[in-house]
Amino acid sequence: MAQPPLPPPPRAQTSPGPVKVGTAPNRRLGSVRGVLVSSPPGRRARLSSPGTGRSSSEAREELRRRLLGLIEGNRVMIFSKSYCPHCTRVKELFSSLGVQCNILELDQVDDGANVQEMLSEITNQRTVPNIFVNKVHMGGCDRTFQAHQSGLLQKLLQEDSTYDYDLIVIGGGSGGLACAQEAAILGKKVMVLDFVVPSPQGTSWGLGGTCVNVGCVPKKLMHQAALLGQALNDSRKFGWEYGQQVKHNWETMTEAIQNHISSLNWGHKLSLREKSVDYVNSYGEFVEHHRIKATNRKGQETSYTAAKFVIATGERPRYLGIQGDKEYCITSDDLFSLPYCPGKTLVVGASYVALECAGVLTGLGLDVTVMVRSVLLRGFDQEMAERVGSYMEQHGVKFLRKFIPVMVQQLEKGSPGKLKVVAKSTEGPETIEGVYNTVLLAIGRDSCTRKMGLDKIGVKINKKTGKIPVNDVEQTNVPYVYAVGDILEGKLELTPVAIQAGKLLARRLFGGRLEKCDYINVPTTVFTPLEYGCCGLSEEKAIEVYKKENLEVYHTFFWPLEWTVAGRDNNTCYAKIICNKFDNYRVIGFHVLGPNAGEVTQGFAAAMKCGLTKQLLDDTIGIHPTCGEVFTTLEITKSSGLDITQKGCG
């Protein structure tokens with residue numbers, strides 16, 4: 001997508017130096033005709049008339065283009081109101097700095113209200129003054145004075161404002177790559193810095209981030225390996241006969257998965273090269289405003305500058321901080337490329353990563369125990385979480401609830417070796433011990449933001465979590481620095497979210513677009529042995545937001561046809577929707593536990609974006625026989641107390 005055409009640069013009237021800001025004669029914009037910008041003796045920026053007879057949308061688009069033209073075409077652009085004391089302070093500041101600036105007094109043009117509304121869309125700021133310096137949105141009066149005190153304003157005002165790059169993205173994961181490539185498509189000079197600090201066990205990987213290398217992709221492939229084991233068991237009931245004992249080969253699986261991942265790494269590099277994005281395998285660290293230091297594996301340092309930066313460094317697994325954890329335990333960073341079968345495994349944690357890994361290892365025939373401090377799948381619907389846990393327990397996973405490890409000790413070296421784990425009860429003085437071949441920690445993840453020099457340029461982070469607060473256009477408190485992905489405070493930690501946010505950010509920064517990432521009703525799936533898909537609110541959250549009496553919950557068990565002949569349980573798979581009774585029974589929560597839950601959830605998520613209601617579900621004809629069709633025939637409400645157990649295939 002090309003950048004929108006900009007108007008000719010405004011005519012400039014220069015003066016020998018700063019002088020007192022005066023009041024320009026009243027000028028009228030009148031449907032954006034002849035915008036005249038009052039300024040300290042310096043420049044006046046004009047917008048030529050867009051003509052008459054245009055539609056409202058065309059006029060808005062024309063106004064947006066012309067405002068972007070003013071922003072792009074002027075070193076300092078101030079949108080002001082002549083009577084505003086904050087605007088006056090800013091004008092006086094620039095005057096004192098000897099800086100010429102262009103000023104549009106919104107109260108002195110007929111279309112000032114429309115201009116201010118469009119500025120609000122462009123900048124997410126509704127007030128004046130609204131200030132841009134060398135195309136960077138500074139914000140209002142307070143932020144401009146803060147930037148002046150920190151030295152950032154002076155940096156932006158430097159006469160030589162050329163940088164090595166238009167954009168440097170720090171982090172080569174899904175969000176960072178999406179943003180970098182979109183910016184390059186829009187004609188910008190872009191660099192991606194990506195460096196993987198090896199895990200305590202020495203594991204590192206190539207370009208593509210967590211999802212490609214140590215997350216979604218290898219996890220789903222190992223999940224498929226486990227499902228194939230279940231399918232082998234089912235196949236006998238469908239007439240398949242095989243006398244030879246079937247066993248699983250860990251090394252064969254991991255080699256095939258790693259070969260696929262290597263092809264994805266290469267594909268990402270090739271895509272960057274095709275779009276002329278410079279890829280540097282170095283660790284990025286800010287050293288001053290607009291400048292980073294890149295350090296490669298050999299310790300060699302190189303400095304780069306950019307007009308804008310996007311932080312997309314993601315997260316890494318958290319450790320317990322106990323004796324032996326980093327020395328002897330592994331995490332999801334290590335599991336998917338582990339060169340040997342892990343054997344008897346203790347999984348510590350109850351996150352989706354913990355349960356997915358435990359499910360995979362159990363499905364491959366290993367002895368697996370999950371140690372849980374409190375609840376399963378915190379943040380997810382707790383009824384669904386307990387159903388996930390119950391299914392896993394019925395199919396071989398052992399759970400140790402209300403315990404936390406306090407020490408890991410190596411008993412024997414090997415591949416795998418033997419480890420003794422001492423754990424303490426969270427409810428009393430009781431301690432237990434166990435011996436395992438492998439201990440896998442999955443207790444959460446920490447943002448990779450603390451060692452990249454953000455303090456040197458004033459970017460605020462949450463001191464406890466390391467996450468970065470941003471506004472709704474992914475902008476940090478430092479105007480030229482943005483962030484996407486798992487490091488954002490209060491946002492979803494999902495690959496497709498990071499990709500969407502990254503693309504839209506690049507389009508806003510360089511393509512004149514306005515669309516923001518929508519973080520509402522984002523679907524996701526937990527790839528446990530029986531998959532759990534959801535979109536919208538959990539039942540607990542829905543009750544908190546809307547109150548229980550305003551909700552209706554429809555639910556049922558269902559029996560997949562594929563499970564009938566195989567003799568698998570007919571009251572395990574479960575469907576639930578949560579409806580707001582006072583909003584036309586709009587579906588605000590969608591939950592399904594069953595085979596291929598991710599595939600089922602994706603389609604219903606699109607319907608929820610369109611305002612799905614219970615009546616629309618009832619009006620939809622299902623595809624028979626499928627799991628998804630259960631949502632078109634939901635009748636029983638939780639409040640009715642009626643039995644939802646299944647007796648056969650409908």
Side-chain angles (χ1 to χ4, degrees), residues 1-3 163-198 204-218 258-286 290-298 300-316 448 452 474 480-487 494-511 513 517:
M1 184 180 303
Q3 249 187 315
Y163 299 105
D164 298 330
Y165 292 90
D166 297 306
L167 174 69
I168 290 179
V169 176
I170 306 175
S174 302
L177 292 178
C179 184
Q181 293 182 87
E182 193 70 20
I185 290 169
L186 292 167
K188 297 303 173 183
K189 187 178 181 183
V190 183
M191 170 186 276
V192 170
L193 281 172
D194 186 59
F195 186 88
V196 178
V197 177
S204 61
W205 49 87
L207 184 64
T210 296
C211 175
V212 166
N213 294 281
V214 291
C216 322
V217 171
Q258 290 304 311
N259 287 341
H260 176 65
I261 289 171
S262 294
S263 73
L264 297 179
N265 298 147
W266 171 250
H268 282 309
K269 287 184 181 179
L270 187 62
S271 183
L272 292 179
R273 188 183 307 162
E274 288 173 345
K275 295 177 178 65
S276 300
V277 175
D278 290 342
Y279 163 58
V280 177
N281 183 208
S282 295
Y283 187 91
E285 181 182 353
F286 285 96
H290 290 279
R291 183 179 297 276
I292 58 163
K293 174 181 69 178
T295 307
N296 66 16
R297 294 186 186 279
K298 297 179 180 179
Q300 298 168 330
E301 297 179 358
T302 310
S303 176
Y304 302 100
T305 62
K308 293 181 174 67
F309 290 83
V310 171
I311 304 169
T313 47
E315 297 182 311
R316 296 290 291 272
C448 302
M452 53 184 303
E474 286 80 44
Y480 64 88
V481 180
Y482 298 79
V484 296
D486 292 359
I487 58 173
L494 296 168
T495 296
V497 173
I499 292 172
Q500 179 84 330
K503 283 183 178 179
L504 293 179
L505 173 58
R507 291 171 187 172
R508 289 194 307 273
L509 292 179
F510 305 117
R513 299 283 290 274
C517 186

Residues in side-chain contact (heavy atoms from CB on, under 4.5 Å) contact with [X], at least two apart in sequence or another chain:
| X | value |
| --- | --- |
| Ala498 | none |
| Gln500 | Leu504, Cys517 |
| Lys269 | Leu207, Tyr279 |
| Thr305 | Tyr163, Asp164, Arg291 |

Any side-chain heavy-atom pair from [X] and [Y] closer than 4.5 angstrom?
| X | Y | answer |
| --- | --- | --- |
| Tyr165 | Asp278 | yes |
| Arg316 | Val197 | yes |
| Phe195 | Asn281 | yes |
| Ser263 | His260 | yes |

side-chain hydrogen bond (donor to acceptor under 3.5 Å, both in side chains) partners of [X], counting only residues at least two apart:
| X | value |
| --- | --- |
| Ser262 | none |
| Gln300 | Asn296 |
| Ser204 | none |
| Tyr283 | none |

Q: Determine the sole option in Arg513, Lys503, Arg507, Lys188 for which the salt bridge (charged side-chain N to carboxylate O under 4.0 Å, His left out) test with Glu182 is passed.
A: Arg507
Q. With a distance cut-off below 6.0 Å to the six-membered ring centre and an angular limit of 45° from the axis, does Lys308 pair with Tyr480 as a cation-pi contact?
A.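 No, Lys308 does not sit over the ring of Tyr480.
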Q: Go through the structure and list residues passing salt bridge (charged side-chain N to carboxylate O under 4.0 Å, His left out) with Glu285, not counting sequence neighbours.
A: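 Residues passing salt bridge (charged side-chain N to carboxylate O under 4.0 Å, His left out) with Glu285: Lys293, Lys456.
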(Q) Just to verify, what does Phe309 make a ring-ring contact (aromatic ring centres under 6.0 Å, His included) with, not counting sequence neighbours? (A)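 With neighbours one apart ignored, the set is Phe286.
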